[in-house]
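What follows is one structure encoded as structure tokens, with my remarks underneath.
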Amino acid sequence: MLGKRILRERTSIEKMIVMYCKAKHGTNTGLCDDCSYLLGYALQRLQHCIFGEAKPVCAKCPIHCYSKVMKDKIIAVMRYAGPRMIYKHPILALLHLSDSFKSKSISWNK
Ligand SMILES: [Zn+2]
């Protein structure tokens, strides 16, 4: 069973990767191979996150379940898309921010 927070994170991450891919890789619809692999990887990590609904935002997670390479990629995506989410998807961005505050940190621009 996937809870509300996990589902929301799935939506956020997907939107962020789409935004990033469009801007950086010039894809118009869907994702390039690299980015669809990254999305699949991210969704899988989320699904297997041991914290479930109590999950901290990934940047502050003590487990660091991403491999080094994938972590660098997702950080690049978040740097690019994080601040832009506020304009394109304000509700999701705010919810993400409030999750960040709850875990006493902001995951962007670190
Ligand atoms: Zn791409």
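Both counts, for ligands and for their atoms, begin at 1 and track the order of listing.
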Shell of protein N/O/S atoms around the Zn ion (ligand 1), taken as anything under 2.8 Å:
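Protein N, O or S atoms closer than 2.8 Å to the Zn ion (ligand 1): C21 SG, H25 ND1, C32 SG, C35 SG.
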State the CG-OH distance between D72 and Y66, to the nearest 0.5 angstrom.
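D72 atom CG to Y66 atom OH measures 12.5 Å (nearest 0.5 Å).
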Name every donor-acceptor pair, under 3.5 Å, that has one atom in a side chain of residues 23-38 and the other anywhere in the protein, sequence neighbours excluded.
from, atom 1, to, atom 2, distance (Å)
T27, OG1, C21, O, 3.3
S36, OG, C32, O, 3.0
S36, OG, D33, O, 3.2

Going through the checks in order, is the side chain to side chain contact (heavy atoms under 4.5 Å, CB included) test met by I13 and V77?
CA-CA 9 Å; I13 204 114; V77 169; over 6 Å; no
Please report the closest heavy-atom contact between Y80 and M19, naming both atoms and the distance.
CE2-O, 3.8 Å
Do M16 and R84 pass the side chain to side chain contact (heavy atoms under 4.5 Å, CB included) test, and can you show the C-alpha distance, the side-chain angles, and the key distance before you say yes or no?
CA-CA 9 Å; M16 284 197 265; R84 286 166 180 80; over 6 Å; no
Test: R5 and E9 ion pair at under 4.0 Å
yes
